[in-house]
Amino acid sequence: MRHFGAFTLLVSSCLAAGQQKPLEAQVQEKFAPGGFIRLHLSPGGYTITGGAANSILITYTAASPQQLRRVKARIRASASTGDVSISDTPHNNFQATIEVPTRSDLRARLVAGEIIIDGVEGSKDVEVDFGRIEVKIPEPQQYGHRDASVLAGSIEASAFDVSKGGLFRSFEQSGTGKYRLHAHVTTGEIDLRGPQ
């Protein structure tokens with residue numbers, strides 16, 4: 001059964017350093033580890049990270065109550081598939097954190113902005129038209145097929161000993177791991193970070 005996540009709005013009028021704190025909202029839905037999560041994202045900056053073992057949690061901020069109310073953040077979940085949709089985002093520096101079960105397969109699409117993925121084990125299929133992708137990969141050997149491409153920009157993949165910049169840059173490798181990795185940016189940067 002699919003259903004929308006519960007919505008919680010947290011409004012604070014506290015002042016910090018003479019400036020009003022951004023307003024925050026959350027959407028949460030139960031979701032089991034090992035599933036496949038599709039992320040449909042409007043322009044902004046997104047951090048996707050491993051969080052609670054059995055839920056998806058979206059936390060996002062805006063500068064005003066009006067901007068916060070306009071954002072539409074939804075989660076639809078079945079037993080093994082989740083859809084995260086964030087739309088009508090503000091044009092000025094929208095930021096959101098999406099916490100997913102640590103073991104999750106991800107497919108993310110973003111027109112403009114940044115996607116950072118950290119602490120999530122599983123296959124990843126990520127595309128951004130204009131902007132930046134960063135995936136932190138502490139165990140590169142977990143990945144079998146991996147590929148990345150930019151039409152204009154750079155690929156810095158220390159996890160796989162690749163560094164390329166310019167027009168129409170790409171790489172493709174095969175390994176012994178069980179997960180797949182695909183990253184594409186039309187114009188911008190891809191950073192596949194290996195262990196420090």
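Bear in mind that the values here come from a model prediction, so they are computed numbers and not experimental data.
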Between D105 and S123, is there a donor-acceptor pair closer than 3.5 Å when you use the side chain of the first and the backbone of the second? yes

Any donor-acceptor pair under 3.5 Å linking the side chain of T81 with the backbone of S78? no

Is the side chain of Y46 donor-acceptor paired with the backbone N or O of S42 at a distance under 3.5 Å, no angle test? yes

Mind telling me whether F171 and F160 have parallel, tilted or perpendicular rings, with 30° and 60° as the class edges? tilted

Go through the side-chain N and O atoms of E121 and Y179 and say whether any donor and acceptor fall under 3.5 Å apart. yes

CD1 of I58 to CD1 of I86, rounded to nearest 0.5 Å, is 4.5 Å

Would you say the side chains of Q26 and T59 form a donor-acceptor pair under 3.5 Å? yes

Going by an N to O cut-off under 4.0 Å, is there a salt bridge joining D125 and R109? yes

Flag, side chain of S158 to backbone of G194, donor-acceptor distance under 3.5 Å: yes

Within the 4.5 Å heavy-atom criterion, are H182 and H184 side-chain neighbours or not? yes

Check whether K136 reaches the backbone of E134 with its side chain - one donor and one acceptor, N or O, closer than 3.5 Å. no

Ignoring hydrogens and angles, tell me if any N or O in the side chain of S154 forms a donor-acceptor pair with the backbone of E189 under 3.5 Å. no

